*Asks:* 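Encoded as structure tokens, here's the structure I'll be asking about.
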Amino acid sequence: MSNAFAYACRDCEGMEACPASIVAASEVEVWKLIELHAEFAHGEDPADWDQDTRTYLATLIKPVDVRVKEEA
């Protein structure tokens, strides 16, 4: 069972050269970070994304297992 979600910008068509990767505890957090990254690194305005773009990007968000450091 996964405990986090990940997105790699290079998986997005046309962004193969981008090294950015995002891992967060929830899909909602990943979406916020994708939008921030797109704006800051690529000069895009996420408000301009249509539903087809958002649907495509959603397919690139993957559940992952992340080892969380346990407190001693």
Side-chain angles (χ1 to χ4, degrees):
M1 184 171 171
S2 66
N3 63 352
F5 295 87
Y7 169 85
C9 195
R10 67 185 161 278
D11 292 341
C12 184
E13 187 176 324
M15 299 294 175
E16 293 83 3
C18 183
S21 294
I22 297 164
V23 177
S26 71
E27 287 184 82
V28 171
E29 186 178 1
V30 170
W31 270 109
K32 292 291 185 186
L33 293 168
I34 289 171
E35 291 171 349
L36 180 63
H37 170 73
E39 186 175 8
F40 184 79
H42 300 295
E44 295 183 19
D45 183 353
D48 292 339
W49 294 346
D50 61 16
Q51 189 57 48
D52 287 341
T53 299
R54 289 187 175 275
T55 299
Y56 168 66
L57 291 173
T59 69
L60 303 178
I61 299 172
K62 307 293 184 193
V64 295
D65 292 317
V66 176
R67 175 180 270 167
V68 178
K69 184 178 179 181
E70 295 181 20
E71 293 186 37

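A quick note: this is a predicted structure, and the numbers were derived from the prediction, not measured. For the numbers below, each heavy atom of this structure counts, side chains included, while hydrogens, waters and symmetry mates do not.
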*Asks:* Roughly how far, to the nearest 0.5 Å, is the OG1 atom of Thr59 from the CG atom of Asp11?
*Replies:*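 One gets 9.0 Å once the value is rounded to the nearest 0.5 Å.
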*Asks:* What's the separation between atom CD in Glu35 and atom CG in Asp45, rounded to the nearest 0.5 Å?
*Replies:*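 Glu35 atom CD to Asp45 atom CG measures 9.5 Å (nearest 0.5 Å).
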*Asks:* For Trp49 and Ala38, which heavy atoms make the closest approach, and how far apart are they?
*Replies:*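 Here Trp49 and Ala38 meet closest at CZ2-CB, 3.4 Å.
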*Asks:* Just so I know, are the side chains of Phe5 and Glu29 near enough to count as touching, which here means a heavy-atom distance under 4.5 Å?
*Replies:* no
*Asks:* Nearest heavy-atom pair of His37 and Cys9: which atoms, and what distance?
*Replies:*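 Here His37 and Cys9 meet closest at NE2-SG, 3.5 Å.
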*Asks:* Once you round to the nearest 0.5 Å, how far does NZ of Lys32 lie from CD of Glu27?
*Replies:* 14.0 Å
*Asks:* Could you walk me through whether Leu33 and Tyr7 pass the side-chain contact (heavy atoms from CB on, under 4.5 Å) check?
*Replies:* CA-CA 9 Å; Leu33 293 168; Tyr7 169 85; over 6 Å; no
*Asks:* Nearest 0.5 Å please: distance from the OG1 atom of Thr53 over to the CG atom of Asp50.
*Replies:* 4.0 Å
*Asks:* Give a yes or no on whether Tyr56 and Ile61 share a hydrophobic cluster (residues Ile, Leu, Val, Met, Phe, Trp, Tyr; joining criterion: side-chain heavy atoms under 4.5 Å apart).
*Replies:*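 Yes, Tyr56 connects to Ile61 through the hydrophobic network.
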*Asks:* Answer yes if Trp31 and Val66 sit in the same cluster of Ile, Leu, Val, Met, Phe, Trp and Tyr residues linked by side chain heavy atoms under 4.5 Å apart, and no otherwise.
*Replies:* no
*Asks:* Is there a side-chain contact between Leu60 and Ile34 in this structure, where contact means two heavy atoms from C-beta onward sitting under 4.5 Å apart?
*Replies:* no
*Asks:* Between Cys18 and His42, which heavy-atom pair has the shortest distance, and what is it?
*Replies:* SG-NE2, 3.6 Å
*Asks:* Quick check: closest heavy atoms across Pro46 and Arg54, and the distance to 0.1 Å?
*Replies:*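 Heavy-atom minimum between the residues: O-NH2, 3.1 Å.
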*Asks:* For Glu16, I'd like to know if atom CD has over 12 heavy atoms of other residues, nucleotides or ligands within 6.0 Å.
*Replies:* yes
